[in-house]
S.K.: 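Have a look at this one.
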Amino acid sequence: MTRREKKRLETRFPPSLFAIYLGILLLMSGIHTGLVTLVNEYQWNSLIQIAIPVVYWTLVSAGLTIFTRHKIIKTYDRPMKELARAADQVAKGDFSVYIPPLHTSNHHDYLDLMFLDFNKMVAELGSIETMRTDFIANVSHEIKTPLAVIQNYAQLLQKPNLTREEEETYTAAILDSTHRLSALITNILKLNKLESQQITPRFEAYDLCRQLSDCALGFESVWENKDIEFEADMEDRATIYADESLMELVWNNLLSNAFKFTEPGGSVTLRQTSDGDMVTVEVSDTGCGISQKAREHIFDKFYQGDTSHAMEGNGLGLALALRVLQIMGASIKVESEEGKGTTFIVQIPVRVSEEDKITV
């Protein structure tokens, strides 16, 4: 049992407190005996003999009652009322509540630990609320943009005497926006399912090199149209233990970003190596690169460091890739230099035991 767990079992009404009560009562009983002896010795009248013990024990009872009430209020009632007030504020949406511990850190008891846990819970709720608000704002913005495009071009299509070329241009723009909107909603649903445990990963052994080759070939038309030099350097076979369909999301996203941010005439490299129990995949490009500030946020939902390509994505791809890799027990890091290019490095354990997998 840890020290913290032992603290939770401690009582705020220790046996020493009841020993004090016992000592006081014994002392009061002794004084009562002395008073009775004194009254008998002086042969006071019967009314005084009755009144003195009654008044004495009334004072003793009142004193003990006041002392007990003070201890209960100070030890339990006041802290719990403070906790109740704080909980009420949180229930009303105020996540700035903080309850200071009653004692210093080396003298914490179970109420102090309860307050610390409450403060931690409120801080987490505040963080979640902020994320929820930001998420709704970002989703609203991302959905509003393609809808505005669709609306504008639909209105243009209503104009009379449009040429065939204009109709095709406006229709293509509408279709492009609907595709973007569809991709956004699909990614939001995927990310939500991953984070709410609605997707259960199916871990199985498969050939990573085959999967990387298939994903890369899916972008063949892209690198040919942009005249990008694509190079793949992989082993003949590399077996990993992961969910093949989820890992495909990762490779497609990294390759898509590499080709998207590489200017015509540039190059993209896909490299895979194995080192003991670890398989490493690198996706490099000679694109615009990522600034130090942007690197700190590239895995955030809806973050797009290069706004010049904002119409080509929705800022959810890397967030999805990161979440998938976390579930697989893998890691991802980025190396980049502005104006020279970017490299994403993914490291995957060849086989992950159940206890090593990160819980969804």
Side-chain angles (χ1 to χ4, degrees), residues 1-12 73-144 184-201 246 293-305 314-329 331-332 355-360:
M1 184 180 292
T2 64
R3 183 181 178 186
R4 187 180 179 91
E5 290 172 338
K6 289 179 180 178
K7 289 281 187 183
R8 290 193 185 282
L9 297 178
E10 291 181 2
T11 175
R12 291 180 65 80
I73 291 175
K74 179 182 177 182
T75 306
Y76 189 78
D77 191 56
R78 190 178 297 156
M80 294 312 294
K81 283 183 177 179
E82 187 174 358
L83 179 61
R85 282 193 296 269
D88 181 61
Q89 287 180 262
V90 173
K92 293 176 180 177
D94 181 4
F95 298 106
S96 63
V97 177
Y98 177 82
I99 307 178
L102 302 171
H103 306 97
T104 56
S105 59
N106 56 328
H107 292 98
H108 279 171
D109 58 23
Y110 75 90
L111 272 186
D112 292 304
L113 298 182
M114 184 188 299
F115 289 172
L116 291 174
D117 289 342
F118 178 84
N119 292 334
K120 182 179 179 182
M121 178 193 71
V122 172
E124 290 292 335
L125 287 173
S127 176
I128 292 172
E129 179 64 17
T130 300
M131 290 174 60
R132 185 186 70 84
T133 303
D134 291 344
F135 184 80
I136 292 174
N138 285 322
V139 168
S140 301
H141 174 75
E142 291 294 333
I143 290 178
K144 184 179 179 180
L184 170 65
I185 294 172
T186 299
N187 283 338
I188 289 174
L189 292 175
K190 285 179 181 177
L191 193 57
N192 179 64
K193 287 181 179 179
L194 283 171
E195 294 185 339
S196 61
Q197 305 181 35
Q198 294 181 30
I199 294 179
T200 303
L246 288 179
K293 182 179 179 181
R295 285 202 295 274
E296 297 174 0
H297 301 282
I298 57 172
F299 294 106
D300 294 348
K301 300 182 187 72
F302 299 104
Y303 183 80
Q304 292 178 292
N314 48 56
L316 284 176
L318 287 177
L320 261 174
L322 175 64
R323 190 61 184 135
V324 168
L325 291 172
Q326 287 175 333
I327 295 170
M328 299 301 140
S331 63
I332 183 171
E355 58 269 20
D356 290 334
K357 295 172 191 169
I358 296 180
T359 305
V360 186

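Because the structure is predicted, anything quoted here is derived from the model rather than measured. Worth knowing before you read on, the calculation uses all heavy atoms, side chains too, and leaves out hydrogens, waters and symmetry mates.
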S.K.: Might you point out which heavy atoms bring Asp112 and Pro101 nearest each other, and give the distance in Å?
M.R.: OD1-C, 3.4 Å

S.K.: Could you tell me the separation between the CE atom of Met121 and the CZ atom of Phe95, rounded to the nearest 0.5 Å?
M.R.: 9.0 Å

S.K.: Applying side-chain contact (heavy atoms from CB on, under 4.5 Å), can you list everything that pairs with Leu83, at least two apart in sequence or on another chain?
M.R.: Met80, Ile99, Met114, Phe115, Phe118

S.K.: Please report the shortest heavy-atom distance between Asn119 and Tyr98, naming the atom on each side.
M.R.: ND2-CE1, 3.2 Å

S.K.: Using side-chain contact (heavy atoms from CB on, under 4.5 Å) as the criterion, list what pairs up with Leu322, not counting sequence neighbours.
M.R.: Phe299, Gln326, Ile332

S.K.: Enumerate the salt bridge (Lys or Arg N to Asp or Glu O under 4.0 Å) contacts for residues 89-103, please, sequence neighbours excluded, ordered by first and then second residue.
M.R.: Asp88-Lys92

S.K.: For Arg85, enumerate each residue passing the side-chain contact (heavy atoms from CB on, under 4.5 Å) test, keeping only those at least two apart in sequence or located in another chain.
M.R.: Lys81, Glu82

S.K.: Ignoring hydrogens, what is the shortest heavy-atom contact between Leu102 and Pro79? Give both atom names and the distance.
M.R.: CD1-CG, 3.9 Å

